[in-house]
Amino acid sequence: MSKSHTIAIHWFRKGLRLHDNPALLAACGQATKIIPLFILDPHFANPGTVSPRRYQFLLETLSDLDTNLREKYGTQLYVARGTPNDVLPRIVSELKATLLTFEADTEPYARARDQALEIEMKSHGVKVEQHWSHTLHDITELANLCPKNKPPTVYQSFLKHVFHKAGSIPKPVPLPTSIDSLTLQEFQTFVTNVPDMSIEKGIPSLEELGYPAATPCAFQGGETAGLERMQSHLARKQWIASFEKPKTAPNALTPSTTVLSPYLKFGCVSARTFWYGLQEVYKTHKGPRSLPPTSLDGQLLWREFYYTSAYLTANYDQMKGNPICRQIEWIDPDTSIEASTHLKAWQEGKTGFPFIDAIMIQLKQEGWIHHLARHAVACFLTRGDLFINWEHGVRHFEWALLDADWSINVGNWMWLSASCYFYQYFRCYSPIAFGKKTDKNGDYIRKYLPQLKNYPKKYIYEPWTAPLAIQKEAGCIIGVDYPEPIVEHKIVSKRNMMWMKEAYAKHNANKNAGKKKRSSSGGSGGSGGSSSSSSSSSKKTKR
DNA sequence: TTAACTGTTGGAAAC
DNA sequence: TGTTTCCAACAGTTA
């Protein structure tokens, strides 16, 4: 079979795997020589926006990919430093490559980057091929199926009217049979004009990127570790078939869910491979299975839901100018000293509520917390207790989580803050009661807040209520060795519900005013006018 | 148009 | 110890 290209570059971004990688396979099918390339973009290689934990996970993933390319295909991963839109045109023209393949990406930064790149590549006479393999379906296809191209906000109707109309989910593609590449020496004889990309340096260490040295982590990055994790869970057929997310514990000492999210985020594990693995278990398992939304395949469907919603929503990651987001007058940490202190206490796990603080410490140490733990701390930061804008929560999670996924993270924050998708603001997580349901003894708190480990279980969730004698006996004085609670939950949560009620009333008033205006002006056709204008007048004083 | 129904995962008290 | 009931009551969908 003759191939129409001599040299192709397969650019790894997400999709950091060899299995089910249609873009890589397309490169192998069309070109004689393939350059597997990763680019360390300074936009991401940045201690301010990516935690050391997640960067370590990424570097482990790159290292695993490199090893697999060497051992299975006799090639390697080439790692360049620089901005992709600068690096790629230079490499392409040095190597005289005529094909560039990569996996499609829906995030705004990636969309803008890829669009500019595609134009640039065309001017070099390079064919660009994007393949959809990060999600179950091509997100643009799902977006096109959305009625009036409106972002979905209700899961069940998304499934009914959008997802189930998209046809069957593409089957994972096979591994490449071979990947013929260039040796580093050959590569370097081609690439003579780009010394600053440091390709010969290979995969960097954390220190090279300005991070502290790597430390042991519960979750090892990479396709190999990800597939092993997936397989070991798929082998527990009864557990897989009966899985119901709301029934798993946020404060289990070993994770009560799969922790495949970091691997799905980086594409170490293919969502489709996991999907079909699950379907195989459901098919062969005797007895009933749980169903979406709470089942494991239901979790993958949530992912499609948020990706589609994010793709169709302008200004998705902010409140202002975001058409699906309630406009709420949150207390601003930039102008309120108290709110800024509160935000900092929340980030550092020093709120004085052990359940909240233990979660925030686990997040910092391990880079992963259970979904319901995310609920508890997100509710606490926003409508539950501190009444701080969810955007601050997004930013902290975006920095700290191994699985930080823009579409899902932002969506969950809007959900929890009752800004979109979920509106029952009077249902509020208690920072004291919620954790007790699954951990009466407070073992989770004892693990992550060792200063409290000797507290009697009666007081472990609210240590400030313990008599001084007991505090002394436990070796931890509240206000000295562990903070006093920064707010009185009962009082602020009631106050916040009132504020939420006001914000909702205002929203409805604006909506109705908009309706009236439209009907009186004779329905001039122009849609979506309701986005702005809610927060203008009448400033409440909140401090 | 209206009204009933539904929405992945609440808390606290009563049984 | 586990299940039921009340609390106070929103938005989006469907009949």
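Predicted, not measured: the structure shown is a model, and the values here were computed from it. The sequence lines fix the lettering, A, B, ..., with proteins before strands; numbering per chain opens at 1.
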Between C:dG12 (C1') and A:F305 (CZ): distance, integer Å:
11 Å

For A:S256, is there any backbone N or O sitting under 3.5 Å from a side-chain donor or acceptor partner on A:T248?
no

Starting from P on B:dG10, measure out to CH2 on A:W415 and report it in whole angstrom.
11 Å

Over all strands shown, is A:S157 touching base, sugar-phosphate only, or nothing at heavy-atom distances under 4.0 angstrom?
sugar-phosphate

Would you indicate what A:H370 reaches in the nucleic acid, counting non-hydrogen atoms under 4.0 angstrom: base, sugar-phosphate, or nothing?
nothing

Would you mind pulling out the nucleotide paired to C:dT1, Watson-Crick or G-U wobble, both distances under 3.5 Å?
none

Between A:Y423 and A:K160, the residue closer to the 5' end of DNA chain C by nearest nucleotide is A:Y423

Can you tell me how far P of B:dT8 sits from NZ of A:K245, to the nearest Å?
13 Å

May I ask you to say what A:N508 touches in the nucleic acid, namely base, sugar-phosphate or nothing, with a heavy-atom cut-off under 4.0 Å?
sugar-phosphate

A:N441 CG - C:dT1 P separation (whole Å):
13 Å

Which atom pair, heavy atoms only, marks the closest approach of A:L296 to A:Y282?
N-OH, 3.7 Å

Which part of the nucleic acid, if any, lies within reach of A:R374 when heavy atoms closer than 4.0 Å are counted: base, sugar-phosphate only, or nothing?
nothing

Rounded to whole angstrom units, what separation is found between the CD atom of A:Q156 and the C1' atom of B:dG7?
8 Å

A:Y155 has an atom OH; how far is it from atom P of C:dA11, in whole Å?
24 Å

Could you work out the separation of C:dT4 and C:dA8 based on their P atoms and round it to a whole Å?
22 Å

Neighbour count >12 (heavy atoms, 6.0 Å) for atom CG, A:L468
yes

How far apart are the closest heavy atoms of A:I477 and A:K472, and which atoms are they?
CD1-CG, 3.5 Å

Look at all strands and tell whether A:K501 reaches a base, only sugar-phosphate, or nothing, counting heavy atoms closer than 4.0 Å.
sugar-phosphate

Report the relative orientation of the aromatic rings in A:F353 and A:W464; use parallel for angles under 30°, tilted for 30 to 60°, perpendicular for over 60°.
perpendicular

What is the separation between atom CZ on A:F426 and atom C1' on C:dC6, rounded to the nearest whole Å?
13 Å

What nucleic acid atoms does A:Y425 come within less than 4.0 Å of, heavy atoms only: base, sugar-phosphate, or nothing?
sugar-phosphate

C1' atoms of B:dT6 and C:dA9, separation to the nearest Å
14 Å

Strictly by Watson-Crick or wobble contacts shorter than 3.5 Å, is anything paired with C:dA9, and which nucleotide is it?
none

Could you check whether A:K437 gets within reach of a base, just the sugar-phosphate, or nothing at all, counting any heavy atom under 4.0 Å?
sugar-phosphate

Does a side-chain N or O of A:R326 approach OP1 or OP2 of C:dA11 to a distance below 4.0 Å, or not?
yes

B:dT1 and C:dT14, which share atom name C1', separated by this distance in whole Å
13 Å

Which nucleotide in B:dT9, C:dA11, B:dG10 has an atom nearest any side-chain atom of A:L372
B:dT9

Selected nucleotide, minimal atom distance to A:H161 side chain, candidates B:dA12, B:dT8, C:dT14
C:dT14

Could you pull out the closest heavy-atom pair between A:T273 and A:H19, with the gap in Å?
OG1-CD2, 3.5 Å

Ring stacking, A:Y504 with base of C:dC10, under 5.5 Å and under 30°?
no

Measure from the side chain of A:Q424, starting at C-beta and using heavy atoms only, and say which of C:dA11, B:dG11, C:dC10 lies closest.
C:dC10

Rounding to an integer number of Å, can you tell me how far A:H371 NE2 sits from B:dG10 P?
11 Å

